[in-house]
There are 2 protein chains.
Amino acid sequence: MTQTLTIREMCDIYQVTPRTLRFYEAKELLSPTREGSKRLYSKQDRARLQLILRGKRFGFSLEDIRQLLDMYDHNGSNQAQLNRTYLLAQDRIAQMKQQAAELTLAIQELETEMRGVEVTLAAFRNAAE
Amino acid sequence: MTQTLTIREMCDIYQVTPRTLRFYEAKELLSPTREGSKRLYSKQDRARLQLILRGKRFGFSLEDIRQLLDMYDHNGSNQAQLNRTYLLAQDRIAQMKQQAAELTLAIQELETEMRGVEVTLAAFRNAAE
DNA sequence: ATAGAGCTTGACGTTAAGGTAAACTTAACG
DNA sequence: CGTTAAGTTTACCTTAACGTCAAGCTCTAT
């Protein structure tokens, strides 16, 4: 029961266009199997796509993401290759931790700003009696 | 002692190129004063630039960022304008909180992956005696 | 059998975010 | 006084990440 999905189903689920999926495939971020000429997306393909979309939300480029993905399935990789990926991932993790800290701070600052704006808006409403 | 900086000083401090600063100005994200034709960046300009660069790290577009910046100095804005900005910022904050949660999760997952890779690498080294 | 829906490839267009190069001003220096 | 250094504008170039459109295949329903 290896549930595979068509391109349309993928698009509906993940809110992307067919063009996007084909583009990611061209960039070697995805590699769906074929049934004739039609693409079929496996469970792993779906997992990868989720990682891709998540990476994008964090501001990573597709190339950045491709390298991270390589680490998740370091199957055919040799030692040297794997080691390079490992070091690269260490950097990324540090970067992400830094980003998480900054993000938390930014949220706090914005919320403080929001309270200031609330006061201003309340004053506006008061002035209108 | 209103310490203002030249474009070069700004570039050195924030690791951007003059082109980038001029570009942000064209996009109305910055508005340095002039001394003759030369740009001079005030303390507020510096604060704004920091917010811009931070926003970029989170994957926001310059246009997204411009709207957020508007909230930080909602000086000449009228009620309707301010209210729209406020609602928009609420969305952004929700989005950022979501992003923070996801980021934390992603970090954990990556670190788990890393441990797996460490084992693989250790095995490689063992095989080499 | 033909008409349409859904898939394919291929090619060209578009937008954001700058890079790069040319021509010009202006201040400063020997 | 000439020239170099740092700034300016204008204009075109580039890259990433897709959008859009054309032309063709294949299956299913009418």
Side-chain angles (χ1 to χ4, degrees), chain A residues 2-42 45-46 48-70 88 92 95 99, chain B residues 2-42 45-46 48-70 88 92 95 99:
Chain A
T2 314
Q3 253 281 62
T4 81
L5 299 181
T6 71
I7 199 168
R8 192 91 292 284
E9 290 164 339
M10 288 290 278
C11 292
D12 290 346
I13 293 175
Y14 297 104
Q15 306 287 17
V16 295
T17 68
R19 179 64 170 86
T20 299
L21 293 183
R22 297 195 192 106
F23 182 75
Y24 290 169
E25 186 175 346
K27 293 279 169 175
E28 300 186 69
L29 289 150
L30 292 176
S31 36
T33 59
R34 300 294 182 115
E35 180 179 79
S37 67
K38 276 84 182 278
R39 290 169 172 80
L40 287 183
Y41 295 87
S42 69
D45 291 323
R46 275 168 268 162
R48 285 178 75 93
L49 180 55
Q50 287 193 14
L51 289 173
I52 295 170
L53 297 177
R54 183 153 87 187
K56 292 212 61 185
R57 266 172 262 135
F58 301 154
F60 289 132
S61 73
L62 290 183
E63 181 51 28
D64 286 345
I65 293 169
R66 200 182 56 72
Q67 303 190 354
L68 277 183
L69 280 176
D70 284 350
L88 207 147
R92 289 266 180 271
Q95 186 182 343
Q99 196 172 336
Chain B
T2 315
Q3 254 282 62
T4 82
L5 299 181
T6 70
I7 199 169
R8 191 91 295 284
E9 291 164 339
M10 287 289 280
C11 292
D12 291 347
I13 294 174
Y14 297 104
Q15 306 286 17
V16 296
T17 69
R19 177 77 237 266
T20 299
L21 293 182
R22 298 194 190 106
F23 182 75
Y24 290 170
E25 187 175 346
K27 294 279 169 177
E28 299 185 72
L29 288 153
L30 292 176
S31 36
T33 59
R34 300 293 182 115
E35 180 180 78
S37 67
K38 275 84 183 276
R39 291 168 172 80
L40 286 183
Y41 295 87
S42 70
D45 291 323
R46 273 167 270 161
R48 286 178 74 91
L49 180 55
Q50 287 193 13
L51 288 174
I52 295 169
L53 297 177
R54 183 155 85 188
K56 291 211 62 185
R57 266 172 263 133
F58 301 153
F60 288 132
S61 74
L62 291 184
E63 181 52 26
D64 286 345
I65 293 169
R66 200 182 57 72
Q67 304 192 351
L68 277 182
L69 280 176
D70 283 350
L88 208 148
R92 290 266 181 271
Q95 186 182 346
Q99 195 172 338

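All values below come from the heavy atoms of this structure, side chains included, with hydrogens, waters and symmetry mates left out. A note on names: the letters A, B, ... follow the listed sequences, proteins ahead of strands, and every chain is numbered from 1.
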**Message:** Distance check needed: dC18(D) C1' versus Leu29(A) CG, whole Å only.
**Reply:** 13 Å
**Asked** Is any side-chain N or O of Thr17(A) closer than 4.0 Å to OP1 or OP2 of dG19(D)?
**Response** yes
**Request:** Tell me whether the OP1 or OP2 atom of dA5(D) has a side-chain N or O from Lys38(B) closer than 4.0 Å.
**Result:** no
**Request:** Would you kindly give the CZ-to-P distance between Arg34(B) and dT8(D), to the nearest whole Å?
**Result:** 6 Å
**Asked** Is Arg22(B) close to Ile7(B) at the side-chain level, that is, under 4.5 Å between some pair of heavy atoms?
**Response** yes
**Request:** May I ask you to say whether Glu63(B) pairs ionically with Arg66(B), meaning some side-chain N is under 4.0 Å from a carboxylate O?
**Result:** yes
**Prompt:** Once you round it to whole Å, what is the distance between P of dA5(D) and CG of Asp12(B)?
**Reply:** 16 Å
**Comparing Ser37(A) and Tyr24(B) on DNA chain C - which has the more 5′ nearest nucleotide** = Ser37(A)
**Message:** Measure CZ/Phe23(B) against C1'/dC13(D) and give the value in whole Å, please.
**Reply:** 14 Å
**Asked** Is the phosphate of dG6(C), meaning OP1 or OP2, less than 4.0 Å from a side-chain N or O of Thr6(A)?
**Response** no
**Asked** Relative to Tyr24(A), does Arg48(A) satisfy both conditions: NZ or CZ under 6.0 angstrom from the six-membered ring centre, and within 45 degrees of the ring's axis?
**Response** no
**Prompt:** Val16(A) pairs by side chain to side chain contact (heavy atoms under 4.5 Å, CB included) with which of Thr20(A), Ile13(A), Asp12(A)?
**Reply:** Thr20(A)
**Message:** What is the distance, to the nearest angstrom, from the CD1 atom on Ile65(B) to the C1' atom on dG18(C)?
**Reply:** 14 Å
**Request:** Please report, rounded to the nearest Å, how far the P atom of dG18(C) is from the CG atom of Leu30(B).
**Result:** 12 Å
**Asked** From dG19(C), dA17(C), dT8(D), pick the nucleotide closest to the side chain of Ser61(B)?
**Response** dA17(C)
**Prompt:** Does Leu30(B) reach the side chain of Arg39(B), with side-chain heavy atoms less than 4.5 Å apart?
**Reply:** no
**Request:** Taking only the side-chain nitrogens and oxygens of Arg19(A), find out if one of them lies under 4.0 Å from OP1 or OP2 of dC7(C).
**Result:** no
**Request:** Please check the phosphate of dT15(D) (OP1 and OP2 only) for any side-chain N or O of Lys27(A) closer than 4.0 Å.
**Result:** no
**Prompt:** Whole-Å distance between dC18(D) P and Tyr14(A) OH?
**Reply:** 17 Å
**Fill in**
Of the listed dC18(D), dG18(C), dT8(C), the closest approach to the Ile7(A) side chain comes from dT8(C)
**Request:** Would you classify Arg39(A) as touching base, sugar-phosphate or nothing, given that sugar-phosphate means primed atoms plus P, OP1 and OP2, and contacts are heavy atoms under 4.0 Å?
**Result:** sugar-phosphate
**Message:** Using the side-chain heavy atoms of Arg8(B), tell me which of these nucleotides is nearest: dG7(D), dC18(D), dT9(C).
**Reply:** dG7(D)
**Mate of dG30(C) where both pairing distances stay under 3.5 Å, Watson-Crick or G-U** = dC1(D)
**Message:** Output the rounded distance in Å from CZ (Phe60(B)) to C1' (dA16(C)).
**Reply:** 16 Å
